[in-house]
**Q** 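Sending over a structure as structure tokens; questions will come in a sec.
Below, each value reflects all heavy atoms present in this structure, side chains not excepted, and no hydrogens, waters or symmetry copies. Predicted, not measured: the structure shown is a model, and the values here were computed from it. Every number for a ligand or one of its atoms is a count from 1 in the order of the listing.
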Amino acid sequence: MFVLTSILPIITLALAAPSANDNCRPSRTTYVAQYDDLPFVEPGPNPIPPHYNGLSYTAFQVDQYDGFILPTSGNQWTMAFGGSGNFSGPASPAKQTFQLESFSYACVAGIPQPECAISIWGWKDTGKIVKRVITFPRLDPGHVIEDFKMNKTSFAREWRDLKSVGFSIARADDGGDVFGGLALDDVKYTITTKC
Ligand SMILES: *[C@@H]1O[C@H](CO)[C@@H](O)[C@H](O)[C@H]1NC(C)=O
Ligand SMILES: *[C@@H]1O[C@H](CO)[C@@H](O)[C@H](O)[C@H]1NC(C)=O
């Protein structure tokens with residue numbers, strides 16, 4: 001009994017004090033998040049599990065094709081039903097960041113829907129913020145469903161060293177509410193860990 005009580009505190013101390021670099025391996029990995037491998041049940045919610053392909057999502061869920069706009073790959077995409085949401089890398093290791101490269105996107109409010117302005121913010125590890133606004137065209141009645149497609153965009157090199165990316169949609173004409181969701185698919189990014 002005397003032996004146990006005197007050894008335990010020593011073990012605890014040894015576990016609590018690894019040097020910071022022991023957990024860090026320099027790496028660089030490119031992902032294309034397609035969401036097709038994630039479970040989807042109805043009724044939801046269908047949150048994206050933490051650290052999915054290295055990122056964690058706020059407000060975005062797994063969503064499945066329902067006969068309207070077809071996801072770019074497979075039959076699932078990620079949807080922020082309220083039109084705004086984020087994805088972020090982990091706070092630790094501090095020197096892990098990602099570069100956003102490209103994705104497919106659609107505003108999904110039904111037919112008709114107004115031209116949709118999607119504001120995108122990137123928060124860098126330095127605290128610097130980069131911003132971009134892209135649009136998804138207005139959708140009018142009188143089309144076959146196949147006319148409605150996701151659009152795709154890619155990002156310049158300034159969208160690197162990111163800790164987090166945030167999205168918010170609004171009507172392009174007057175800044176009002178779109179009353180719809182923002183869908184993303186094939187989100188491509190590279191996660192870099194420096195030590
Ligand atoms: C996105 O992240 C920012 C900064 O962390 C936070 O202020 C904002 O509330 C988040 N938005 C959503 C929709 O989670
Ligand atoms: C963008 O989306 C619109 C509306 O769905 C579609 O008509 C158009 O073909 C898409 N453009 C591209 C380049 O995918």
Side-chain angles (χ1 to χ4, degrees), residues 30-38 40 42-48 52-55 57-88 98-123 129-160 162 164-191:
T30 297
Y31 297 91
V32 180
Q34 299 189 312
Y35 315 100
D36 299 312
D37 53 340
L38 293 173
F40 175 82
E42 278 194 299
N46 290 280
I48 296 181
Y52 176 64
N53 288 345
L55 300 181
Y57 291 71
T58 309
F60 281 98
Q61 296 192 35
V62 185
D63 185 41
Q64 205 164 70
Y65 179 57
D66 63 0
F68 182 28
I69 301 174
L70 193 64
T72 305
S73 59
N75 69 336
Q76 294 188 161
W77 57 18
T78 188
M79 172 83 87
F81 287 97
S84 63
N86 293 336
F87 49 74
S88 307
F98 61 97
Q99 175 170 357
L100 181 60
E101 293 170 47
S102 61
F103 55 65
S104 305
Y105 63 96
C107 293
V108 184
I111 305 292
Q113 66 179 43
E115 186 185 19
C116 178
I118 305 162
S119 297
I120 310 165
W121 292 267
W123 285 274
I129 298 171
V130 284
K131 189 187 173 189
R132 208 185 139 190
V133 180
I134 59 178
T135 56
F136 188 73
R138 56 177 288 155
L139 304 185
D140 294 313
H143 287 265
V144 293
I145 208 81
E146 292 75 19
D147 287 347
F148 303 129
K149 295 182 171 68
M150 298 191 85
N151 284 179
K152 183 174 178 170
T153 190
S154 51
F155 287 80
R157 256 180 65 79
E158 64 169 344
W159 289 78
R160 66 187 191 280
L162 299 172
S164 183
V165 173
F167 299 83
S168 181
I169 67 172
R171 290 181 65 112
D173 54 358
D174 63 5
D177 205 327
V178 173
F179 300 110
L182 172 65
L184 303 177
D185 203 1
D186 292 11
V187 180
K188 184 178 178 190
Y189 51 92
T190 296
I191 296 183

**Q** Given the side-chain rings of Phe87 and Phe167, with only the six-membered ring counted for Trp, is the space between their centroids under 6.0 Å?
**A**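 Yes.
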
**Q** So which heavy atom in the protein is nearest atom 4 (C) of ligand 2, and how far is it from that ligand atom?
**A**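 Here the closest protein heavy atom is Leu139 CD2, 3.5 Å.
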
**Q** What do we get for Lys152 next to ligand 2 when only non-hydrogen atoms under 4.0 Å count, side chain, backbone, both or neither?
**A** neither

**Q** Go through ligand 2 atom by atom and flag the ones less than 4.0 Å from a non-hydrogen atom of Phe148.
**A** 5 (O)

**Q** In terms of atom number and element, which parts of ligand 2 are under 4.0 angstrom from non-hydrogen atoms of Asn151?
**A**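 By the 4.0 Å cutoff, the relevant atoms are 1 (C), 2 (O), 3 (C), 8 (C), 10 (C), 11 (N), 12 (C), 14 (O).
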
**Q** Below 6.0 angstrom between ring centroids: does that apply to Tyr35 and Tyr52?
**A**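 Yes, the ring of Tyr35 comes within the 6.0 Å limit of the ring of Tyr52, centre to centre.
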
**Q** Side chain to side chain contact (heavy atoms under 4.5 Å, CB included) with Ile118: which of Ile169, Thr135, Val133?
**A** Ile169

**Q** Would you call the rings of Phe148 and His143 parallel, tilted or perpendicular, where under 30° means parallel and over 60° means perpendicular?
**A**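 The rings of Phe148 and His143 sit tilted, inter-plane angle from 30° to 60°.
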
**Q** Please list the nearest protein heavy atom to atom 3 (C) of ligand 2 with its residue and the distance rounded to 0.1 Å.
**A** Pro137 CG, 3.5 Å

**Q** Number the atoms of ligand 2 from 1 as they appear, then name those within less than 4.0 Å of a heavy atom of Met150, with their elements.
**A**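 Near Met150, the atoms of ligand 2 are 14 (O).
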
**Q** With heavy atoms only and a cut-off of under 4.0 Å, state how Asp147 meets ligand 2: side chain, backbone, both or neither.
**A** backbone

**Q** Using only heavy-atom distances, determine whether the side chains of Ser88 and Ser164 contain a donor-acceptor pair under 3.5 Å.
**A** yes

**Q** For atom 5 (O) of ligand 2, what's the nearest protein heavy atom and its distance?
**A** Lys149 N, 2.7 Å

**Q** For Asp186 and Ser73, does a side-chain donor sit closer than 3.5 Å to a side-chain acceptor?
**A** yes

